[in-house]
Amino acid sequence: MDTSASDLRVLVTAGAAGIGLAITKTFVEHGARAHLCDIDDKALAAAKRELPAVTQTKADVASPADVERLFGDALAALGGLDVLVNNAGIAGPTAKVEDMAIEDWERCIAIDLNGMFYCTRKAMPLIKAAGGGSIINLSSVAGRLGFAMRTPYAAAKWAVVGFTKSLAIEAGADKVRVNCIQPGYVEGERIERVIRDKAKGLGISEAEMRRRIFDSVSLREFVSAHDIANMALFLATEAGKHITGQALSVCADVRYTI
């Protein structure tokens with residue numbers, strides 16, 4: 001199976017920490033040249049120390065002006081683009097819809113959905129000019145299952161699937177493949193925060209919240225950021241050359257949400 005990323009020019013949004021950093025590192029380890037963006041200064045500095053050859057831009061994907069600047073930097077650094085990984089996203093608020101602040105809803109949609117559009121509209125001409133390539137969008141199991149008390153996040157992640165499938169049809173003739181990955185519960189700080197917030201919202205202990213989560217997962221464990229990165233690499237390389245328009249779960253089989 002050929003998963004060489006040799007000479008691929010890759011842009012990863014929110015690529016300085018968590019899943020994004022794992023994706024960036026995996027592509028670089030397999031021969032790619034990469035540019036990343038993030039909004040976290042500490043994460044950007046740490047990523048620069050770990051991956052000195054990877055160029056970077058501080059950018060908020062929810063800002064069209066920041067995205068314009070990001071793509072200017074990426075084009076200057078890479079000379080073109082073969083792969084876009086739309087990884088940027090936030091968990092959004094944990095609350096019943098009637099208790100949710102409008103600005104919290106809007107911020108979640110702005111990053112998790114609108115930012116993906118802003119980046120894709122800039123990337124698509126570059127990838128087409130390269131003779132084709134790959135766009136990989138990060139959805140979630142929340143994009144195939146209902147997710148109580150996480151409605152803006154779930155709404156955005158369902159929308160990512162429709163965005164992905166529509167783009168795959170639209171761009172297929174230009175040899176641009178478009179897929180999305182639907183991670184399940186990914187180990188790390190973010191899921192710990194979600195467990196804490198949801199336990200509080202349900203009035204239960206964090207230990208009970210964790211038990212309920214594992215009861216919903218066939219393998220009874222979290223997946224890792226590296227699992228997600230491996231799928232992204234597969235989709236962007238020769239191994240996945242005939243895969244497009246798909247929503248692919250990497251989730252240890254989450255059967256229902258809590």
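All figures in this text were calculated on a predicted structure; none of them were measured in a lab. The first residue in the sequence is number 1, and the count goes up from there.
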### Summary
Scanning both residues in full, the closest heavy-atom pair of I181 with P183 reads O-CD, 3.2 Å
### Query
CG/N137 to OG1/T13 distance, rounded to the nearest 0.5 angstrom?
9.0 Å
### Query
Do D104 and R107 meet the salt-bridge criterion of a basic N to acidic O distance under 4.0 Å?
no
### T57-R69 side chain donor-acceptor pair, cut-off 3.5 Å
no
### Query
Of all heavy-atom pairs between C251 and V223, which one has the smallest distance, and what is that distance?
C-CG1, 3.7 Å
### Query
Does a donor on one side chain and an acceptor on the other come within less than 3.5 Å for D253 and S218?
yes
### Closest approach of K157 to S140 (non-hydrogen atoms, all atoms of both residues)
CG-CB, 3.8 Å
### Query
Which atom names give the shortest non-hydrogen contact between V254 and L145, and what distance separates them?
O-CD1, 3.8 Å
#### Entry: Between H35 and T55, a side-chain donor and acceptor under 3.5 Å
yes
### Query
Taking only residues two or more places apart in sequence or in another chain, which ones pass ring pair (Phe, Tyr, Trp, His ring centres under 6.0 Å) with F214?
F222
### Query
Among pairs that include at least one residue of residues 8-21, which meet salt bridge (charged side-chain N to carboxylate O under 4.0 Å, His left out), considering only residues two or more places apart or in two chains?
R9-D82
### Message
Under a plain distance cut-off of 3.5 Å, with no hydrogens placed, do T244 and N179 share a side-chain donor-acceptor pair?
### Response
no
### Message
Taking salt bridge (charged side-chain N to carboxylate O under 4.0 Å, His left out) as the cut-off, I'd like each qualifying pair that reaches into residues 34-47, sequence neighbours left out, listed once.
### Response
D41-K58
